[in-house]
Number of protein chains: 2
Amino acid sequence: MDWEDLLGRRGHRVTASRRAVMTALESVDVPLAAAEVLEQARTRHPRLGLVTVYRTLDLFQELGLVRRVHREGGCHVYTTASPGHHHAIVCRHCGRAAEFTGCQEIHALIQRAEDETGFQIDGHMLQLSGLCHQCARAIERTG
Amino acid sequence: MDWEDLLGRRGHRVTASRRAVMTALESVDVPLAAAEVLEQARTRHPRLGLVTVYRTLDLFQELGLVRRVHREGGCHVYTTASPGHHHAIVCRHCGRAAEFTGCQEIHALIQRAEDETGFQIDGHMLQLSGLCHQCARAIERTG
DNA sequence: ATCCCTGCAAAGACTTTGCAACGAT
DNA sequence: ATCGTTGCAAAGTCTTTGCAGGGAT
């Protein structure tokens with residue numbers, strides 16, 4: 001089912017703001033903070049405000065359309081909650097992102113974590129950090 | 001090695017504030033937010049201020065004495081940490097936390113990701129979500 | 001036309017910074 | 001005596017709330 005249909009069925013309206021927020025999240029493969037969603041979404045809908053971004057992300061999360069995860073440094077990031085899932089690698093220097101799919105290794109780890117802790121684990125979010133090839137070389141040169 | 005010795009060796013001082021913070025964390029088996037640490041610790045050291053709690057928790061975290069984990073609702077909670085690299089999992093329902101050890105599986109995944117993307121990866125953030133044993137059972141019973 | 005949604009401003013929650021006094025070594 | 005540490009106040013970051021006008025249905 002399309003997310004616009006879902007909104008309609010739950011009595012919510014489909015607006016330009018909401019389309020812009022959803023498009024922003026769909027256009028990148030990295031989770032975005034609210035302020036980053038705003039920046040992205042304003043390219044399509046310049047009148048958009050940060051408050052609306054927060055409210056829209058809350059709504060989308062309630063409907064299961066996006067997932068809210070924590071980021072080191074104190075703010076939350078939001079990502080589309082597609083059933084198929086991906087992991088992101090973000091360059092700490094230039095922000096370039098690469099996507100990395102498949103997590104057989106993580107499933108094994110989760111299995112072990114469940115055994116060790118007794119928790120029933122139903123989701124995971126892994127983000128790798130480091131330097132992309134270009135930045136790693138540039139930094140090597142300049143010391 | 002005792003944490004007070006560790007502080008000394010790294011050039012940090014052992015103070016009443018730091019003892020009060022450490023005792024507060026050790027006295028409970030649930031992770032505490034900074035404000036909760038303050039409340040606890042003031043029973044032993046009434047002059048303690050919130051700023052010092054934050055600074056002390058930061059220091060302890062750098063030294064690997066406490067672990068900072070995220071809690072739904074926007075603030076961080078701190079818990080005493082056993083040495084070594086761990087990941088924390090927090091129960092989505094009651095907030096109880098557990099640690100699990102080792103991430104050989106992640107290292108294998110990182111190796112593969114480096115080969116595939118050309119990134120030089122030097123860190124990872126893994127967040128598991130789920131329910132602790134008690135909450136999983138409670139929810140099962142109530143439907 | 002209805003009433004949900006939006007943007008602005010302001011408030012709120014959590015955390016960090018500046019600085020002078022204090023205290024562990 | 002030295003210099004790391006503390007507490008207060010103030011500032012900063014992230015997020016939520018109040019309200020009147022605007023837009024989807």
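Letters A, B, ... are given to chains in the order of the sequence lines, protein chains preceding strands, and every chain is numbered from 1. All of these numbers come straight from a predicted model, not from anything done at the bench.
Taking side-chain N and O atoms only, B/Arg18 has no distance below 4.0 Å to OP1 or OP2 of C/dA24. At the phosphate of D/dC14, neither OP1 nor OP2 sits under 4.0 Å from any side-chain N or O atom of A/His76.
Nearest nucleotide to the side chain of B/Val51, out of C/dG7, D/dT15, C/dT16: C/dT16. Of the candidates C/dG7, C/dT16, D/dT15, D/dT15 carries the atom nearest the A/Cys75 side chain, counting heavy atoms from C-beta on. Side chain of B/Thr15, nearest nucleotide from D/dT6, C/dT15, C/dT6: D/dT6. When distances run from any side-chain atom of B/Arg13 to the nucleotides C/dG7, D/dC3, D/dG7, the shortest one goes to D/dC3.
Between B/Arg10 and B/Glu62 no salt bridge is recorded (no basic side-chain N to carboxylate O distance below 4.0 Å).
At least one donor-acceptor pair under 3.5 Å links the side chain of A/Arg18 to the backbone N or O of A/Arg13. A donor-acceptor pair under 3.5 Å is formed between the side chain of A/Arg42 and the backbone N or O of A/Leu48.
Within the model, atoms OH of A/Tyr78 and CD of A/Gln61 stand 6.5 Å from one another, a figure rounded to the nearest 0.5 Å.
More than 12 heavy atoms of other shown residues, nucleotides or ligands fall within 6.0 angstrom of atom NE2 in A/His45.
Each of B/His45 and B/Gly11 has a nearest nucleotide on DNA chain D; the 5'-most of these lies closest to B/Gly11. Between A/Ala16 and B/Ala35, the residue anchored nearer the 5' end of DNA chain C, judged by the nucleotide with its closest heavy atom, is A/Ala16. In terms of position on DNA chain C, the residue among B/Tyr78 and A/Gly49 whose nearest nucleotide sits closer to the 5' end is A/Gly49.
With rounding to whole Å, B/Arg19 atom CZ is found 13 Å from C/dG23 atom C1'. For the pair A/Leu57 CG and C/dC5 C1', the interatomic distance rounds to 15 Å; values are reported in whole Å. In this structure, NE2 of B/His12 is placed 11 Å from P of D/dT6, rounded to the nearest angstrom. We find that CD of A/Glu62 is positioned 11 Å from P of C/dC5, with the value rounded to whole Å. Distance B/Leu63 CG to D/dG4 C1': 14 Å, rounded to the nearest Å. Computed from coordinates, the B/Leu50 CG to C/dT15 P distance equals 8 Å when rounded to whole Å. For the pair A/Tyr54 OH and C/dC5 P, the interatomic distance rounds to 20 Å; values are reported in whole Å. When the P atom of C/dC14 is taken as reference, atom CD of B/Glu36 falls 10 Å away, rounded to whole Å.
B/Arg55 contributes a side-chain N or O that forms a donor-acceptor pair with the base of D/dG7 under 3.5 Å.
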